[in-house]
Visitor: 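I am attaching a structure below and will ask some questions about it afterwards.
Ligands are counted one by one from 1 in listed order, and the atoms in each one are counted from 1 as well.
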Amino acid sequence: MPTPHLLSPLPLGLLNLPNRLVMAPLTRQRSEQPGNIPGPLNATYYAQRASAGLLISEATQVCPEGQGYAWTPGIHSAAQIEGWKQVTAAVHAQQGRIFLQLWHVGRISHPLLQPGGVAPVAPSAIQAKAECYVQEADGSHHKAATALPRALALDELPGVVAAYAQGAANAMAAGFDGVEVHAANGYLLDQFLASNSNQRQDAYGGSAQNRARLVLEVLDAVIAAVGDSHKVGIRISPMGTFGDIHDANPRETFEVLVKALNSRQLAYLHINRPDWLGGSFQGFDELLRSLRDAYQGVLILAGGQDAESGEQAIAEGLADLVAYGRPYIANPDLVERVRRDAPWNQPDASTFYGGGAAGYTDYPTLD
Ligand code: PHB
């Protein structure tokens with residue numbers, strides 16, 4: 001077999017990806033208000049990027065309690081399902097493929113974002129030194145320190161699992177090709193995985209097996225709701241520190257988790273590098289290699305990649321697919337730019353979050 005490269009096709013479950021570029025999930029905070037509902041502007045944005053091998057939607061809350069930033073979309077109301085139908089139809093009309101990312105932020109939230117103005121939930125009542133983004137009653141909006149969360153009671157966990165499953169069922173009803181369980185970047189499932197945010201004394205805390213329990217229960221419930229494990233992926237961020245996360249032994253935690261994924265026949269395992277926002281993380285490349293060797297399915301690598309590093313990861317067999325985040329904000333035709341070896345537009349960070357079409361659907365293509 002010839003060495004695969006970024007522009008080689010890849011079968012993924014029932015889909016045939018025409019290339020190995022993935023649009024990474026990207027928070028853009030541009031859903032319609034009130035109700036956090038995707039609309040025509042969002043449909044245009046995703047459809048512009050439909051030449052990617054696979055699009056993964058922005059993180060999307062599975063329930064109102066799962067929200068940590070103003071104006072992020074949800075997948076729990078009838079209006080949101082209808083809104084997402086416009087997005088999936090627009091992507092499919094351009095021959096694209098799109099998964100929805102299922103999100104619960106856990107402790108990365110604030111009473112202003114919570115139903116009833118109560119504290120957000122988490123594995124344990126430990127506050128993150130992190131920020132979320134709130135809108136006040138008068139309409140003003142600003143960054144805010146995340147709140148002290150309330151620890152979820154043991155008998156509340158089935159409800160959390162059910163919220164992910166309902167979100168998955170809703171996503172399939174909205175026309176998505178599959179779903180990705182967000183277990184990365186310091187949000188609820190990662191809070192259960194990491195030793196600093198999970199101090200539970202029950203079956204969901206303590207050992208690596210226990211800390212991985214909720215993630216696996218969510219995954220199994222999502223697979224059952226979707227009806228086909230090949231339409232379900234999972235995203236993790238071993239050694240990541242975003243969201244004030246720290247695990248005492250990421251090698252053990254993630255080897256336990258990744259080995260448990262093998263029997264589940266997923267669409268893919270998606271790994272976000274810990275250095276996606278900069279910084280240096282000693283030992284990550286070695287850990288990535290060992291997770292790659294331990295995992296028997298399709299692997300997506302994300303975080304700070306360019307064309308050269310992406311080609312290299314695929315040629316070396318370190319990854320099967322490469323996800324691009326910030327490059328996809330600024331380059332709707334990223335696949336064509338790779339094909340022609342053309343320069344990439346630089347993204348404007350001032351328009352990453354919130355606002356309208358500016359910095360969202362107005363980046364130029366080559367032609
Ligand atoms: C964010 O909104 O900052 C955000 C959301 C999801 C991620 C990472 C960052 O996985």
Side-chain angles (χ1 to χ4, degrees), residues 22-31 36 38 42 45 55-63 65-75 99-110 112-114 120 122 128-135 141-147 164 167 179-194 197 215 218 233-247 254 268-279 281 300-305 323-329 347-355 359-360:
V22 173
M23 178 182 172
L26 292 158
T27 291
R28 305 303 307 273
Q29 294 176 273
R30 282 168 167 88
S31 66
N36 301 318
N42 310 116
Y45 163 75
L55 305 176
I56 303 171
S57 83
E58 62 208 277
T60 299
Q61 57 265 11
V62 295
C63 53
E65 295 79 6
Q67 185 174 5
Y69 307 86
W71 323 306
T72 57
I75 187 69
F99 275 37
L100 178 126
Q101 197 194 45
L102 299 166
W103 195 28
H104 191 311
V105 297
R107 66 181 187 165
I108 305 296
S109 190
H110 187 282
L112 279 171
L113 294 158
Q114 292 293 313
K129 291 179 197 70
E131 284 176 327
C132 53
Y133 200 92
V134 300
Q135 180 166 331
H141 43 88
H142 55 88
K143 282 185 178 172
T146 60
Y164 281 92
V179 295
E180 175 178 284
V181 171
H182 191 345
N185 298 340
Y187 298 110
L188 182 68
L189 297 178
D190 203 19
Q191 291 159 28
F192 270 85
L193 286 171
S197 46
V215 182
V218 164
I234 183 171
R235 191 175 215 225
I236 58 174
S237 52
M239 290 178 80
T241 54
F242 184 76
D244 194 19
I245 276 293
H246 181 79
D247 188 40
F254 287 94
Y268 60 78
L269 167 64
H270 185 176
I271 297 185
N272 192 31
R273 297 184 58 96
D275 52 5
W276 63 294
L277 293 172
F281 293 80
I300 309 180
L301 178 64
Q305 302 298 307
Y324 294 93
R326 284 157 287 185
Y328 251 117
I329 289 179
D348 173 5
S350 73
T351 50
F352 280 179
Y353 305 112
Y360 190 55

Visitor: Are the side chains of V179 and Q101 in touch, meaning some heavy atoms are under 4.5 Å apart?
Guide: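 No, their side chains stay 4.5 Å or more apart.
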
Visitor: Please say whether H182 places an N or O atom under 3.5 Å from an N or O atom belonging to ligand 1.
Guide: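 Looking only at distances, the answer is yes, because the N/O contact criterion of under 3.5 Å is met.
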
Visitor: I'd like to know whether W103 forms a ring-ring contact (aromatic ring centres under 6.0 Å, His included) with Y164, so could you lay out the CA-CA distance, the side-chain angles of the two residues, the decisive distance to 0.1 Å, and finally the verdict.
Guide: CA-CA 8 Å; W103 195 28; Y164 281 92; over 10 Å; no

Visitor: So, taking the atom named NE2 in H182 and the one named NE2 in H104, what distance separates them when rounded to the nearest 0.5 Å?
Guide: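 The NE2 atom of H104 is 12.5 Å from NE2 of H182, to the nearest 0.5 Å.
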
Visitor: Would you mind running through ligand 1 and noting each atom that sits below 4.0 Å from a heavy atom of W276?
Guide: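 Ligand 1 atoms under the 4.0 Å threshold to W276: 8 (C), 9 (C).
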
Visitor: Nearest 0.5 Å, please: how far is CG in L113 from CD in Q135?
Guide: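 The distance works out to 9.5 Å.
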
Visitor: Hey, does N185 come in under 3.5 Å of ligand 1, counting only N/O atoms on both sides?
Guide: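 So ligand 1 has an N or O lying under 3.5 Å from an N or O of N185.
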
Visitor: Going by the order shown, which atoms of ligand 1 are within less than 4.0 Å of some heavy atom of W103?
Guide: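 Counting atoms of ligand 1 from 1, those under 4.0 Å from W103 are 5 (C).
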
Visitor: Does the side chain of Y187 reach to within under 4.5 Å of the side chain of F192, using non-hydrogen atoms?
Guide: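 They are not in contact (no side-chain heavy atoms under 4.5 Å apart), so the answer is no.
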
Visitor: Hey, can you tell me if Y45 and Y360 have their rings parallel, tilted or perpendicular (30° and 60° cut-offs)?
Guide: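 Rings of Y45 and Y360: parallel, under 30°.
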
Visitor: Return the residue, atom name and 0.1 Å-rounded distance of the protein heavy atom closest to atom 6 (C) of ligand 1.
Guide: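 Minimum-distance protein heavy atom for atom 6 (C) of ligand 1 reads Y187 CE1, 3.4 Å.
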
Visitor: Could you list which atoms of ligand 1 come closer than 4.0 Å to a heavy atom of F242?
Guide: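 This gives 3 (O), 8 (C), 9 (C) as the contact atoms.
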
Visitor: Is there a heavy atom in F352 that sits closer than 4.0 Å to ligand 1?
Guide: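 Heavy atoms of F352 never come under 4.0 Å of ligand 1.
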
Visitor: With heavy atoms under 4.0 Å as the rule, classify the contact between Y133 and ligand 1 as side chain, backbone, both or neither.
Guide: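 Contact part for Y133 vs ligand 1: neither.
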
Visitor: Just how far is it from atom CE of M239 to atom CG of D247, taken to the nearest 0.5 Å?
Guide: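 Going from the CE atom of M239 to the CG atom of D247 covers 10.0 Å.
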
Visitor: Does any N or O atom in T27 lie less than 3.5 angstrom from one in ligand 1, N or O only?
Guide: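 Between T27 and ligand 1 (N or O atoms, distance only) the closest approach is under 3.5 Å.
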
